[in-house]
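Input: a single structure, listed below in structure tokens.
Values reported hereafter were calculated over all heavy atoms of this structure, with side chains retained and with hydrogens, waters and symmetry mates removed.
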Amino acid sequence: MNDFLFRYRWKLMGIAIGAAIGFGYWYFIGCTSGTCPIQSHWQSSTLYGALIGYILPKNPEKKTENKESKVAEQK
């Protein structure tokens, strides 16, 4: 379990922060008429925030390789 939490800590923190921001958006700005599909219910706003929080964070420990280094390794 600890290995899972350690491996996916950035994604899990992104989900938690995104859900909190989604809930805060509903609480402070949300739509009271019920015609706004995302803003009218706290559940949908929180889930959309969590989804965005899952998509956006990148693992800072992963190093990206550029194309030049891959070409140099192949030769």
When rounded to the nearest 0.5 angstrom, what is the spacing between [atom1] in [X] and [atom2] in [Y]?
X	Y	atom1	atom2	answer
Lys11	Tyr8	NZ	OH	10.0 Å
Tyr54	Leu12	OH	CG	9.5 Å
Ser45	Tyr27	OG	OH	14.0 Å

Task: Sidechain-backbone polar pair: Arg9 side chain, Phe6 backbone, donor-acceptor under 3.5 Å - done: yes

Task: N/O donor-acceptor pair under 3.5 Å between Thr46 side chain and Gly22 backbone - done: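 Side chain of Thr46 to backbone of Gly22: no pair is present.
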
Are [X] and [Y] connected, step by step, through hydrophobic side chains (Ile, Leu, Val, Met, Phe, Trp, Tyr) whose heavy atoms are closer than 4.5 Å?
X	Y	answer
Trp42	Ile29	yes
Leu51	Ile15	yes
Phe23	Tyr25	yes

